[in-house]
Trainee: 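Following this message is one structure expressed as structure tokens.
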Amino acid sequence: MMRCGRTLVYVAVILFGVQGHVGGSQKPIDMESVVAELRSLRAAIEDASALSVRLQVLAVRMSRQQERIVAVARRLDRLSDSAAAATIRYDESVLHVKELESALSPARNDPAESERRRVDLRLTERELARAEAQRDQAIAKHSDTTNELAREEGQLMAFEQLLVELESALPARRR
């Protein structure tokens with residue numbers, strides 16, 4: 001509807017301009033050139049309308065892409081904290097295992113105390129294995145999310161490139 005209204009305005013402007021031109025001029029009206037000009041205007045309006053729609057769609061897609069990037073970046077921050085905490089737990093477990101291993105020296109302890117420390121050592125080694133698995137899982141999730149963020153940013157860059165191409169397709173304004 002809007003395109004039709006614009007076309008009618010352009011036609012009216014041209015026709016009134018032609019009538020005004022005929023009354024004060026000695027040149028005859030060349031209807032073929034008027035029709036050609038109308039067709040040219042119609043094509044320009046259709047092209048501009050199509051380009052406008054493409055720009056609007058691209059703007060929405062870019063906005064959604066930016067939202068995805070923000071969401072992935074936030075998730076990456078949380079995973080960074082999680083990976084750091086898992087690494088700290090793992091490092092603490094490693095230190096605890098080393099402390100228990102050094103405390104198993106038979107010269108220092110009686111047999112009952114040594115057995116209790118061996119049990120503690122086995123439990124701590126299990127905890128160390130769990131902490132290592134959690135750390136490795138957190139690091140893997142962090143790595144995957146880092147890659148996902150890079151892909152999302154790459155998609156936004158592709159949209160930005162498309163925007164530059166569409167902008168270059170816009171007609172230069174007359175001054």
Trainee: Is the backbone N or O of His142 less than 3.5 Å from a side-chain atom of Thr145, with the two atoms forming a donor-acceptor pair by type?
Mentor: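 No.
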Trainee: Is there a path of hydrophobic side-chain contacts, each under 4.5 Å between heavy atoms of I, L, V, M, F, W or Y residues, that connects Val119 with Leu100?
Mentor: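 Val119 does not cluster with Leu100.
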Trainee: Which distance, rounded to the nearest 0.5 Å, do you find between the CG of Leu121 and the CZ of Arg116?
Mentor: 12.0 Å
Trainee: Under a single-linkage definition using a 4.5 Å side-chain heavy-atom cutoff for Ile, Leu, Val, Met, Phe, Trp and Tyr, are Val97 and Ile88 assigned to the same hydrophobic cluster?
Mentor: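 Different clusters: Val97 never reaches Ile88 through Ile, Leu, Val, Met, Phe, Trp or Tyr contacts under 4.5 Å.
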Trainee: Please assess Leu41 against Glu37 for the test side-chain contact (heavy atoms from CB on, under 4.5 Å), listing each intermediate value before the final yes or no.
Mentor: CA-CA 6 Å; Leu41 285 172; Glu37 182 65 21; 4.0 Å; yes
Trainee: Given the rule that I, L, V, M, F, W and Y join up when any side-chain heavy atoms are under 4.5 Å apart, are Leu79 and Ile69 in one cluster?
Mentor: no
Trainee: Taking Ser63 for the side chain and Ala59 for the main chain, is one N or O donor matched with an acceptor at less than 3.5 Å?
Mentor: no
Trainee: Could you grab the distance from atom CD of Glu125 to atom CG of Asp120, nearest 0.5 Å is fine?
Mentor: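 The CD atom of Glu125 sits 11.0 Å away from the CG atom of Asp120.
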Trainee: Distance check, rounded to the nearest 0.5 Å: Ser168 atom OG versus Leu163 atom CG?
Mentor: 9.5 Å
Trainee: Please enumerate all residues that pass side-chain contact (heavy atoms from CB on, under 4.5 Å) together with Ser82, with sequence neighbours excluded.
Mentor: Ala138
Trainee: Is a side-chain donor or acceptor of Ser143 paired with a backbone partner of Ile139 at a separation under 3.5 angstrom?
Mentor: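 Flag not set: sc Ser143 to bb Ile139 has no pair under 3.5 Å.
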Trainee: Of all heavy-atom pairs between Met62 and Leu156, which one has the smallest distance, and what is that distance?
Mentor: O-CD1, 4.1 Å
Trainee: Enumerate the residue pairs fulfilling salt bridge (charged side-chain N to carboxylate O under 4.0 Å, His left out) with a member in residues 55-72, sequence neighbours excluded, ordered by first and then second residue.
Mentor: Arg68-Glu152
Trainee: Using the salt bridge (Lys or Arg N to Asp or Glu O under 4.0 Å) criterion, which residues pair with Arg130? Sequence neighbours excluded.
Mentor: Glu127
Trainee: Would you compute the distance between atom CD of Glu160 and atom CD of Glu153 and round it to the nearest 0.5 angstrom?
Mentor: 10.0 Å
Trainee: To the nearest 0.5 Å, how far apart are OG1 in Thr87 and CD in Glu92?
Mentor: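 Between Thr87 OG1 and Glu92 CD, I get 11.0 Å after rounding to 0.5 Å.
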Trainee: Could you tell me which non-hydrogen atom of Tyr90 sits nearest to which non-hydrogen atom of Leu128, and how far apart they are?
Mentor: CE1-CD1, 3.5 Å
Trainee: Output all residues satisfying salt bridge (Lys or Arg N to Asp or Glu O under 4.0 Å) with Glu148, sequence neighbours left out; order by chain, then residue number.
Mentor: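 Expected list: Arg75.
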Trainee: Kindly compute the distance separating CD (Glu46) from OG (Ser49), expressed to the nearest 0.5 Å.
Mentor: 8.0 Å
Trainee: Establish whether Val164 and Met157 are linked, either directly or via other cluster members, by ILVMFWY side-chain heavy-atom contacts under 4.5 Å.
Mentor: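 No, it is not one cluster - the side chains of Val164 and Met157 are not joined through contacts under 4.5 Å.
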Trainee: Please identify each residue that fulfils side-chain contact (heavy atoms from CB on, under 4.5 Å) with Arg89, with sequence neighbours left out.
Mentor: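 So Arg89 forms a side-chain contact (heavy atoms from CB on, under 4.5 Å) with Ala85, Ala86, Gln134.
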Trainee: Quick one: salt bridge (Lys or Arg N to Asp or Glu O under 4.0 Å) partners of Asp91, sequence neighbours excluded?
Mentor: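 Per chain and number, Asp91 pairs via salt bridge (Lys or Arg N to Asp or Glu O under 4.0 Å) with no residue.
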Trainee: Take Glu115 and Arg118 through the test side-chain contact (heavy atoms from CB on, under 4.5 Å) and record every step on the way to the result.
Mentor: CA-CA 5 Å; Glu115 182 58 31; Arg118 277 193 278 285; 3.5 Å; yes
Trainee: Evaluate whether atom CD of Glu32 has more than 12 neighbouring non-hydrogen atoms of other residues, nucleotides or ligands under 6.0 angstrom away.
Mentor: no
